[in-house]
Amino acid sequence: MKIGYPCINRSLDCKGNRTFRLKSYSEERLIETVEKNLECLQNMLEFNTERDLYFFRITSDLVPFASHEVNDFDWRAHFERRFKKIGKIIEGNDIRINMHPNQFIVLNSDKENVYKNSVEELRYHAEVLDSLGLDESAKIQLHVGGVYYDKEKSMNRFAERFLDLDDRLRNRLVIENDERSYSISDCLSIAEDTDVPVVADYLHHKIKNEGKSFEDIISRVSETWSEDDGRMMVDYSEQAEGEKEGRHAETLHEANFTKFLERTKDHDFDLMLEIKDKEKSAQKALKIAEKIKI
DNA sequence: TCACGTCAAGCAGAT
DNA sequence: ATCTGCTTGACGTGA
């Protein structure tokens, strides 16, 4: 099991997700921003390996406006060596990487332009992972999308469009259950038609689960991951006590996390901790995991 | 330096 | 109708 956290490190004084307003777009600004983001990405990866955190989610903001029409700069060529260098660090330390496009990426949208833009944005994500020289175990994790008053049709539309993607991109995609539309069971049903691996999100499953327990369903989820896909990925987060349902907790709760590990001890997976205090909770989680030694 | 309105983009559920 | 939250709040103007 590898443990990691998404996108941001609060202990370091660099920011790896710098961006700027579309209004301020210029090639100089883009280069400057990507330069700093890559530098910080490297810092974060080094920070992580020094602390035995070998799973990391790279921010979608790494290259701002990468898939926007305003951007015709060949950032891949310009930063090729930088990407390769970071890729070597990733490879050398056997770090697992994923990315998670934001909410605007909806592959199954009923609007043609949203679909088109989503594919472009997914291509950008794949280009980042390709530039780093990573194999297809580096994943791009997305939700199934909208329901549009007809869930079956919307799931079919997802499957069709997924199968229609280029191999290189499709082989990097994985789908994650969300807390209101598509449960793990729904994702598994899509996986049957498409062979897309499924990422199980523990908190989302707690909120939407059709009465199935996490430990029961995780076996079927693990079967969606092939050899080339790498180890199954699981997302873990906790409900912020007293806050609205689905809100992430500020810090990891030891007793909850211990219980989670015990409930899932029959399975090996890489674990992404979606907890507000990031690397702090990740280090805490690592200690707990080592203590009870799964 | 700080407060705060706004930010490329979608969607569903709550208010 | 409008607001909120989402993998992550950050940018940027005005005082």
Side-chain angles (χ1 to χ4, degrees), chain A residues 4-10 12 14-26 29-30 32-33 36-37 40-41 44 55-71 97-122 124-125 128 139-151 154 157-158 174-183 186 199-204 207-208 233-240 243-250 270-282:
Chain A
Y5 60 94
C7 308
I8 296 169
N9 180 306
R10 293 191 196 278
L12 292 168
C14 71
K15 281 185 295 181
N17 59 334
R18 287 164 169 272
T19 181
F20 49 84
R21 296 286 170 256
L22 180 58
K23 230 169 42 181
S24 337
Y25 183 90
S26 70
R29 186 73 190 268
L30 180 74
E32 179 198 328
T33 305
K36 286 181 175 157
N37 283 346
C40 190
L41 173 61
M44 291 191 284
F55 189 18
F56 190 66
R57 178 176 297 164
I58 295 176
T59 177
S60 298
D61 284 338
L62 190 71
V63 183
F65 304 104
S67 74
H68 193 281
E69 59 182 5
V70 75
N71 184 349
I97 294 291
N98 80 358
M99 295 183 83
H100 194 329
N102 66 23
Q103 61 269 34
F104 304 107
I105 283 61
V106 188
L107 193 61
N108 79 343
S109 176
D110 58 353
K111 296 170 195 66
E112 200 60 29
N113 67 313
V114 175
Y115 165 44
K116 193 174 137 280
N117 292 342
S118 295
V119 173
E120 287 306 311
E121 185 71 2
L122 289 176
Y124 149 64
H125 283 77
V128 168
K139 295 302 189 188
I140 302 166
Q141 170 176 343
L142 78 164
H143 294 292
V144 178
V147 173
Y148 313 101
Y149 306 103
D150 188 339
K151 194 162 172 179
S154 298
R157 194 163 55 234
F158 180 93
V174 295
I175 55 174
E176 176 202 348
N177 59 307
D178 63 81
E179 76 274 41
R180 61 181 182 214
S181 303
Y182 295 100
S183 64
D186 295 326
V199 175
D201 182 298
Y202 185 67
L203 181 59
H204 291 164
I207 298 168
K208 184 170 172 60
M233 292 174 175
V234 170
D235 283 357
Y236 178 86
S237 57
E238 288 171 9
Q239 175 65 39
E243 298 277 342
K244 195 183 282 184
E245 187 173 63
R247 175 122 184 129
H248 289 174
E250 203 54 46
D270 289 338
L271 187 64
M272 181 57 63
L273 289 174
E274 296 174 343
I275 307 275
K276 294 266 179 210
D277 67 0
K278 306 283 180 187
E279 74 284 355
K280 223 172 122 192
S281 280

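This one's a predicted model, so the numbers in the text were calculated from it and none came from an experiment. Just so it is clear: chains get the letters A, B, ... in the order the sequence lines come, proteins before strands, and each one is counted from 1.
For the P atom pair drawn from dC4(B) and dT8(C), the interatomic distance equals 24 Å after rounding to whole Å. Taking atom P in both dT7(C) and dG5(B), the straight-line distance is 26 Å, to the nearest Å. Rounded to whole Å, the separation between the P atoms of dA8(B) and dA1(C) comes to 27 Å. Distance noted for atom C1' between dT4(C) and dG9(C): 15 Å (whole Å).
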Polar atom pairs (N or O), protein with nucleotides 6-8 of chain B, under 3.5 Å:
{"residue": "dC7(B)", "atom": "O4'", "partner": "R21(A)", "partner atom": "NE", "Å": "3.4"}
{"residue": "dC7(B)", "atom": "O2", "partner": "R21(A)", "partner atom": "NH2", "Å": "3.0"}
{"residue": "dA8(B)", "atom": "OP1", "partner": "L22(A)", "partner atom": "N", "Å": "2.5"}

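Atom OH of Y149(A) and atom C1' of dA12(B) are 9 Å apart (whole Å). The interatomic distance linking N117(A) (CG) with dG10(B) (P) rounds to 8 Å, in whole Å. A straight line from CD1 of I207(A) to C1' of dG13(B) spans 13 Å, rounded to a whole angstrom. For L142(A) and dC11(B), the CG to P distance is 14 Å, given to the nearest whole Å. Between R157(A) atom CZ and dC11(B) atom C1' the separation is 13 Å, expressed in whole Å. In this entry the distance linking CD of Q103(A) with P of dG9(C) reads 13 Å, nearest Å. Protein atom CG of L203(A) is 13 Å distant from nucleotide atom C1' of dT7(C), rounded to whole Å. Between the CG atom of N113(A) and the P atom of dG10(B) there is a distance of 8 Å, rounded to whole Å.
A sub-4.0 Å separation between OP1 or OP2 of dT7(C) and a side-chain N or O of H125(A) is absent. Proximity of K15(A) to the phosphate of dC11(C): a side-chain N or O atom is located under 4.0 Å from OP1 or OP2. The side chain of K111(A) contributes an N or O atom lying less than 4.0 Å from OP1 or OP2 of dC11(B). Close to dT7(C), at under 4.0 Å from its OP1 or OP2, lies a side-chain N or O of H143(A). When the side-chain nitrogen and oxygen atoms of R29(A) are compared with OP1 and OP2 of dC11(C), none of them lie within a distance under 4.0 Å. Residue S181(A) has no polar side-chain atom (N or O) positioned under 4.0 Å from OP1 or OP2 of dC11(B).
Crowding of K116(A) atom NZ: a count of heavy atoms from other residues, nucleotides or ligands under 6.0 Å not exceeding 12. With a 6.0 Å radius and a threshold of 12 heavy atoms from other residues, nucleotides or ligands, K208(A) has its NZ atom above the threshold.
How far CG of N17(A) is from NZ of K15(A): 7.5 Å, rounded to the nearest 0.5 Å. Rounding to the nearest 0.5 Å places CG of D110(A) at 10.0 Å from OH of Y149(A).
With E279(A) contributing its side chain and R10(A) its backbone, the two residues share a donor-acceptor pair below 3.5 Å. When atom types are taken as modelled, the side chain of N37(A) and the backbone of L62(A) share a donor-acceptor pair closer than 3.5 angstrom.
S109(A) comes within contact range of the sugar-phosphate backbone alone, with a heavy-atom separation under 4.0 Å but no base atom that close. Using a 4.0 Å heavy-atom cutoff across all strands shown, V70(A) reaches no nucleic acid atom at all. Across all strands shown, S60(A) has no heavy atoms under 4.0 Å from either base or sugar-phosphate atoms. As judged by a 4.0 angstrom heavy-atom cut-off over every strand, E274(A) is placed among residues touching the sugar-phosphate backbone only.
Stretches of at least 3 consecutive Watson-Crick or G-U wobble pairs, with each checked distance under 3.5 Å, appear in DNA chain B as B:1-7 with C:9-15, B:10-15 with C:1-6.
Annotation: cation-pi geometry satisfied between K151(A) and Y182(A) (NZ/CZ under 6.0 angstrom from ring centroid, within 45° of ring axis).
Applying the 5.5 angstrom centroid cut-off and the 30 degree plane-angle cut-off, the aromatic ring of F104(A) is not stacked upon the base of dG10(B).
Residue R180(A) has its side chain nearest to dA12(B) when only dA12(B), dA10(C), dT7(C) are considered. Here the nucleotide nearest the side chain of R18(A), chosen from dA12(B), dG12(C), dC11(C), is dC11(C).
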Practice problem: Mind running side chain to side chain contact (heavy atoms under 4.5 Å, CB included) on E69(A) and E120(A) for me, showing each step along the way? | Solution: CA-CA 10 Å; E69(A) 59 182 5; E120(A) 287 306 311; over 6 Å; no
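The salt bridge (Lys or Arg N to Asp or Glu O under 4.0 Å) check on D270(A) picks up R96(A), R231(A), with sequence neighbours excluded.
F104(A) has its side chain out of reach of S118(A): every pair of non-hydrogen atoms, C-beta onward, lies at least 4.5 Å apart. Here the side chains of V199(A) and H100(A) are not in contact, with every heavy-atom distance at 4.5 Å or above.
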